[in-house]
Peer 1: 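Have a look at the structure that comes next, please.
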Amino acid sequence: STSPDGVTRDFFSISYARGDSLFVPIEQIDRIEKYIGAKAAPPKIYPLHSARWGTVKQKVRKKIEDMASTLYALYSEREQMKGYAFSEDNLFMQELEESFPFEETEDQLNAIETVKERMQQPRPMDHLVYGDVGYGKTEVAVRAAFKAALDRKQVALLAPTTILSQQHGRTFRERLARFPVTVEVLNRFRTAREKKDIIKRLASGEIDIVIGTHALLADGVRFKDLGLLIVDEEQRFGVKHKERLKMMKMAVDVLTLTATPIPRTLHMSLIGLRDVSLIETPPEDRKAVKTFVEEWNPNMLLSGIERELARGGQVFFVHNNIDSIPEVHAFLSSAFPDARIAVIHGRMPANHIELTMDAFMQGLHDILLSTTIIENGLDIPNVNTLIVNGAENFGLGQMYQLRGRVGRSFRQSYAYFFYSPYKELNENARKRLQALRDFADLGSGYRLAMKDLEIRGAGNLLGGEQHGFITEIGFNLYCKMLAESVDKVRGTVVPARPPAEVDLCVSAFIPDDFIEDTAARTDFYKRLVSAPDTRALDRIAGDIKDRFGPPPRPLRHFILQIRIKLLAERCNAATVKTHPHSQFTDMTFHGPDALVAMRTVSWPADFHCELVYLPDRLRFMHEGKQPGQTLVSIHGFLQNAVQELFDKQNTL
């Protein structure tokens, strides 16, 4: 939209019932949320001037406040429970930490220290560690488990798949080999006799750490003195298993690991009903997996495998149809007659799967052709090419986990997701594949989880009543109301200060011919407007430049306008308003103290500007009528003001 003054801006047009419309300036995109319901169905639409939407929100808010009181009572009850206070670290822990073959990231160290501190407190721990695939969550679990074992407490680690439990068993044994700690694995790879022996030794206390699948939740499994329960990807377990988990969690410390959290689970952590550590920093030298989502293309597939084998690497080939795996095996054998190709799937004997996986991990096979049996947790640094056939049949979370099987070393890794050319993709399949393309950068797990929720709907996340809340008001508004209600129950409500309003009478937008895709343009608008600080804003601007080239003037103006807004808020400014066809800008402030503080700013002599202090605002006179010059002048003033105020606070 272009105003009579020649200023061009972008707006969202929102349609309501009875033909009502509302235009929202693009810089207020953070006030708009996409509706995510209990089912992926259109929400109920109300007229813009009707009171019915307000009535619905009020009714739901009352119910959520009642639920928040119950949730907080349960949380408080757990906080009051008497738990076991683990001992502080000793020389054995120091020796284990020094033996870690990698350099811990800062986030990883923070997570480790937080978990250990919580374990040392006399109340039961319930801690969530969220980190992208390959970001070092397992090492957090290893150190927590060792801490428990040092106090002669037993540890149970629950994994969603047999192969992941095998991987964890191997990792724990390698890391704890030099210490007198007994580690066992209980899954379907064990014989009946071995299972019976492990269960017996668990009950007698001979086993310190047991790692397994849902077999650990069977009625016959008893612990002599369980002190720590570690759950990997809890959302992968069924309702029956979760009920058993709740019973196990009652009086022991609990550590949950996840790479693709149900957003509600993470949200409950962030609003204070559960402790959380975020591992957002990728390991040193980690590169994002180059992701290709294409219609079936034999030439691309073969060249990808050939490149990997030529550099001495290994390949995962996922084909999730057991009946047609022999055909794929014949195709690969014909194309690569010298390659060592192994096959595993769920119908094979357990000992065959285990022996094949061990051989592959030792480098005795070049290509592993499998079903999704390899989906979770496998960590083989020499495998850096993934082929997924029939990608349209996979869930977004599945594809994300599969992609996480590669890219575990300093080498550039590749993931190819091929979909069938012979059948038309439905809308949800297209959305899933597009999301996989869009979220290919490091640390995109949470954004993918949110996208998956958007595509599939919230589902039965919270039980019947809450399910109804989501249907009526949407998932995002539900979470916001829940957070506000929890704060109210806890007595920690802090009045939110409205964001600074910035109106600089300048054309500021992302041109259609610069970013042609509407969804991508909207995503960057959202990211720019939601940037928490100027450093984050600079990173997003850098992403835009890397993907699309140098930004045109209207986009440069938009980015600078957001920077001014962020700086204005740090100065406690309420509004920054430039008057059309004039050489002055007015700034109003929240309270007189902020205005008094601004008067202490020493103004650089070379800016050719003048400040006028009025009773309720500051008037900023500047030379030059060019919009760009005005923006730069205001930005320079605010940047200087922020530095002065920061220096003054530090001095005080």
Peer 1: Does a salt bridge link Asp225 with Arg152, judged by any charged N lying under 4.0 Å from a carboxylate O?
Peer 2: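 Salt bridge: no.
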Peer 1: Establish, from distance only, whether the side-chain atoms of Ser99 and Arg175 form a donor-acceptor pair under 3.5 Å.
Peer 2: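 Their side chains do contain a donor-acceptor pair, which is all the 3.5 Å distance test asks for.
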Peer 1: Do the non-hydrogen side-chain atoms of Val343 and Met348 ever get within less than 4.5 Å of each other?
Peer 2: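 When only atoms from C-beta onward are counted, Met348 and Val343 do touch, with a gap below 4.5 Å.
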Peer 1: Can you name the side-chain hydrogen bond (donor to acceptor under 3.5 Å, both in side chains) partners of Ser87, sequence neighbours left out?
Peer 2: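 For Ser87 the side-chain hydrogen bond (donor to acceptor under 3.5 Å, both in side chains) partners, ignoring immediate neighbours, are Asp151.
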Peer 1: Keeping the roles fixed (side chain from Arg222, backbone from Asp219), state whether a donor-acceptor pair exists under 3.5 Å.
Peer 2: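 Answer holds: yes.
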Peer 1: Donor-acceptor pair, distance only, cut-off 3.5 Å: does the side chain of Arg188 make one with the backbone of Thr162?
Peer 2: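 The answer is no, because no donor-acceptor pair under 3.5 Å joins these two groups.
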Peer 1: Using side-chain contact (heavy atoms from CB on, under 4.5 Å), reason through Tyr84 and Asp253 one step at a time and then give a plain yes or no.
Peer 2: CA-CA 8 Å; Tyr84 179 82; Asp253 283 16; 5.9 Å; no
Peer 1: Check whether more than 12 heavy atoms from other residues, nucleotides or ligands sit under 6.0 Å from atom NZ of Lys290, and answer yes or no.
Peer 2: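 Open: at most 12 neighbouring heavy atoms sit under 6.0 Å from NZ of Lys290.
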Peer 1: For a quick check under 3.5 Å, do His127 and Thr114 share a side-chain donor-acceptor pair by atom type?
Peer 2: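 Result is no, nothing qualifies.
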Peer 1: Taking atom CG of Asp523 and atom CD1 of Ile540, what is their separation to the nearest 0.5 Å?
Peer 2: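 With rounding to 0.5 Å, CG (Asp523) is 9.5 Å from CD1 (Ile540).
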Peer 1: Give a yes or no answer on whether the side chain of Asp208 reaches the backbone of Thr182 with a donor-acceptor pair at less than 3.5 Å.
Peer 2: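 The answer is yes, because a donor-acceptor pair under 3.5 Å joins these two groups.
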Peer 1: Between Asn320 and Thr371, is there a donor-acceptor pair closer than 3.5 Å when you use the side chain of the first and the backbone of the second?
Peer 2: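 Here the side-chain-to-backbone pair does not exist.
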Peer 1: Find the distance between CG (Leu228) and CD1 (Ile209) and round it off to the nearest 0.5 Å.
Peer 2: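 Leu228 atom CG to Ile209 atom CD1 measures 9.0 Å (nearest 0.5 Å).
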Peer 1: Going from CD1 on Ile367 to CZ on Phe317, what distance comes out if it is rounded to the nearest 0.5 angstrom?
Peer 2: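 It is 8.5 Å, given to the nearest 0.5 Å.
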Peer 1: Just how far is it from atom CG of Leu186 to atom OG1 of Thr213, taken to the nearest 0.5 Å?
Peer 2: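 Reported to 0.5 Å precision, the distance equals 6.5 Å.
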Peer 1: Would you say Leu216 and Val210 make side-chain contact, with heavy atoms under 4.5 Å?
Peer 2: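 Side chain of Leu216 against side chain of Val210, heavy atoms only: contact under 4.5 Å found.
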Peer 1: Sequence neighbours excluded, which residues qualify as side-chain hydrogen bond (donor to acceptor under 3.5 Å, both in side chains) partners of Ser165?
Peer 2: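 Partners of Ser165 under the side-chain hydrogen bond (donor to acceptor under 3.5 Å, both in side chains) test: Asn187.
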Peer 1: Please list, one pair per line, the donor and acceptor atoms closer than 3.5 Å that link side chains of residues 352-361 to other protein atoms, with sequence neighbours excluded.
Peer 2:
from, atom 1, to, atom 2, distance (Å)
Glu354, OE2, Gln166, NE2, 3.0
Thr356, OG1, His352, O, 2.8
Asp358, OD1, Arg170, NH2, 2.5

Peer 1: Does this structure show an ion pair linking Glu184 with Lys195, if we count only N-O contacts that are shorter than 4.0 Å?
Peer 2: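 Looking at Glu184 and Lys195, the cut-off is not met.
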Peer 1: Can you see which heavy atom on Glu104 is nearest to which on Glu97, and at what distance?
Peer 2: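 It is OE2-O, 4.2 Å.
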Peer 1: Between Ala156 and Phe223, what is the shortest heavy-atom contact and its length?
Peer 2: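 The answer is CB-CZ, 3.7 Å.
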Peer 1: Is it the case that more than 12 heavy atoms not belonging to Arg193 sit under 6.0 Å from its CZ atom?
Peer 2: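 Atom CZ in Arg193 is not packed in, count stays at 12 or less.
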Peer 1: Hey, does Ile344 have a side-chain heavy atom less than 4.5 Å from the side chain of Ile163?
Peer 2: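 A side-chain contact exists here, since the closest heavy-atom pair is under 4.5 Å.
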Peer 1: Indicate yes or no for a side-chain donor-acceptor contact from Asn110 to the backbone of Glu113 under 3.5 Å, with no hydrogens or angles considered.
Peer 2: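 Here the side-chain-to-backbone pair does not exist.
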Peer 1: Where do Gly227 and Val252 come nearest, in terms of heavy atoms and distance?
Peer 2: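 Shortest heavy-atom contact: O-CB, 3.9 Å.
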Peer 1: Checking the side chain of Gln314 only, and the main-chain atoms of His365 only, is there a donor and an acceptor separated by less than 3.5 Å?
Peer 2: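 Pair found, side chain donor or acceptor close to backbone of His365.
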Peer 1: Main chain of Gly131, side chain of Lys137: is a donor-acceptor contact present, judged purely on distance under 3.5 Å?
Peer 2: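 Flag set: sc Lys137 to bb Gly131 pair under 3.5 Å.
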Peer 1: Can you measure from CZ (Arg201) to CD1 (Ile199) and round to the nearest 0.5 angstrom?
Peer 2: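 The CZ atom of Arg201 sits 12.0 Å away from the CD1 atom of Ile199.
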Peer 1: At their closest point, which heavy atom of Met399 faces which heavy atom of Ala391, and how far apart are they?
Peer 2: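 Heavy atoms only, the tightest pair is SD-O, 3.7 Å.
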Peer 1: Less than 4.0 angstrom from a charged side-chain N to a carboxylate O is my criterion; do Asp533 and Arg570 meet it?
Peer 2: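 So Asp533 does not pair with Arg570 through a salt bridge.
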Peer 1: On a heavy-atom basis, which atom in Ile374 and which in Arg405 lie closest, and how many Å separate them?
Peer 2: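 Result for this residue pair: O-CD, 3.2 Å.
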Peer 1: Start with the C-alpha gap between Leu229 and Leu255, add the side-chain angles, then the distance that decides, and say whether side-chain contact (heavy atoms from CB on, under 4.5 Å) holds.
Peer 2: CA-CA 6 Å; Leu229 173 64; Leu255 175 63; over 6 Å; no
Peer 1: Students often mix this up, so state it plainly: with edges at 30° and 60°, are the rings of Phe172 and His168 parallel, tilted or perpendicular?
Peer 2: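 The arrangement is perpendicular - the two ring planes meet at more than 60°.
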Peer 1: Starting from the C-alpha separation in whole Å, work towards a yes-or-no answer on side-chain contact (heavy atoms from CB on, under 4.5 Å) for Met93 and Glu88.
Peer 2: CA-CA 9 Å; Met93 180 63 77; Glu88 294 187 5; over 6 Å; no
Peer 1: If you define the side chain from C-beta out and look only at heavy atoms, does anything of Leu257 sit under 4.5 Å from Val231?
Peer 2: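 Side-chain contact under 4.5 Å: no.
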Peer 1: Report yes if the side chains of Asp232 and Ile230 come closer than 4.5 Å at any heavy-atom pair, otherwise no.
Peer 2: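 The answer is no; the side chains never approach within 4.5 Å.
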Peer 1: Would you call Lys200 and Glu206 a salt bridge, using N to O less than 4.0 angstrom?
Peer 2: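 A salt bridge is absent here (no side-chain N lies under 4.0 Å from a carboxylate O).
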Peer 1: Looking at residues at least two apart in the chain, or sitting in another chain, which of them share a salt bridge (charged side-chain N to carboxylate O under 4.0 Å, His left out) with Arg340?
Peer 2: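 Only Asp366 meet the salt bridge (charged side-chain N to carboxylate O under 4.0 Å, His left out) criterion with Arg340.
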Peer 1: Name all residues meeting the side-chain hydrogen bond (donor to acceptor under 3.5 Å, both in side chains) criterion together with Gln154; count only those two or more places apart in sequence or in a different chain, and write none if there are none.
Peer 2: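 Gln154 satisfies side-chain hydrogen bond (donor to acceptor under 3.5 Å, both in side chains) with no residue once adjacent residues are dropped.
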Peer 1: Is there a donor-acceptor pair under 3.5 Å between the side chain of Ser413 and the backbone N or O of Arg411?
Peer 2: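 No, the answer is negative, given that no donor and acceptor are paired below the 3.5 Å cut-off.
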Peer 1: May I ask you to check if Arg307 and Tyr414 form a cation-pi contact, with NZ or CZ under 6.0 angstrom from the six-membered ring centre and within 45° of the axis?
Peer 2: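 Yes, a cation-pi geometry.
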Peer 1: Would you say the side chain of Met481 lies within less than 4.5 Å of the side chain of Glu65, judging by non-hydrogen atoms?
Peer 2: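 Sidechains of Met481 and Glu65: no contact.
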Peer 1: How far apart are the C-alpha atoms of Val318 and Thr372, what are their side-chain angles, what is the distance that settles it, and do they pass the side-chain contact (heavy atoms from CB on, under 4.5 Å) test?
Peer 2: CA-CA 6 Å; Val318 177; Thr372 53; 4.3 Å; yes
Peer 1: Taking the side chain as everything from C-beta on, heavy atoms only, tell me whether Leu386 gets closer than 4.5 Å to Leu402.
Peer 2: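 Sidechains of Leu402 and Leu386: in contact.
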Peer 1: Using the six-membered ring wherever Trp is involved, compare the ring planes of Phe179 and Phe146 and label them parallel, tilted or perpendicular (cut-offs 30° and 60°).
Peer 2: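 Tilted: the ring planes of Phe179 and Phe146 meet at 30° to 60°.
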Peer 1: Less than 6.0 angstrom from the centroid, inside 45 degrees of the normal: does Lys116 satisfy that with respect to the ring of Phe86?
Peer 2: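 Negative - Lys116 is either too far from the ring of Phe86 or too far off its axis.
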Peer 1: Which heavy-atom pair separates Ala145 from Val155 by the least distance, and what is that distance?
Peer 2: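 That would be O-CG2, 3.6 Å.
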Peer 1: Tell me whether Thr161 contacts the main-chain N or O of Leu164 through its side chain, where contact means a donor paired with an acceptor under 3.5 Å.
Peer 2: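 Yes: the side chain of Thr161 pairs with the backbone of Leu164.
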Peer 1: Hey, does the side chain of Glu139 reach the backbone of Gly136 with a donor-acceptor pair shorter than 3.5 angstrom?
Peer 2: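 Not confirmed, Glu139 side chain does not pair with Gly136 backbone.
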Peer 1: How far does CD of Glu308 sit from CD of Gln412, to the nearest 0.5 angstrom?
Peer 2: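 So the gap between those two atoms works out to 10.5 Å.
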Peer 1: For Gln121, check side-chain hydrogen bond (donor to acceptor under 3.5 Å, both in side chains) against everything at least two apart and list the hits.
Peer 2: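 Residues passing side-chain hydrogen bond (donor to acceptor under 3.5 Å, both in side chains) with Gln121: Arg118, Arg123.
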Peer 1: Side chains of Phe189 and Asn351: closer than 4.5 Å at any heavy-atom pair?
Peer 2: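 No - every pair of side-chain heavy atoms lies 4.5 Å or more apart.
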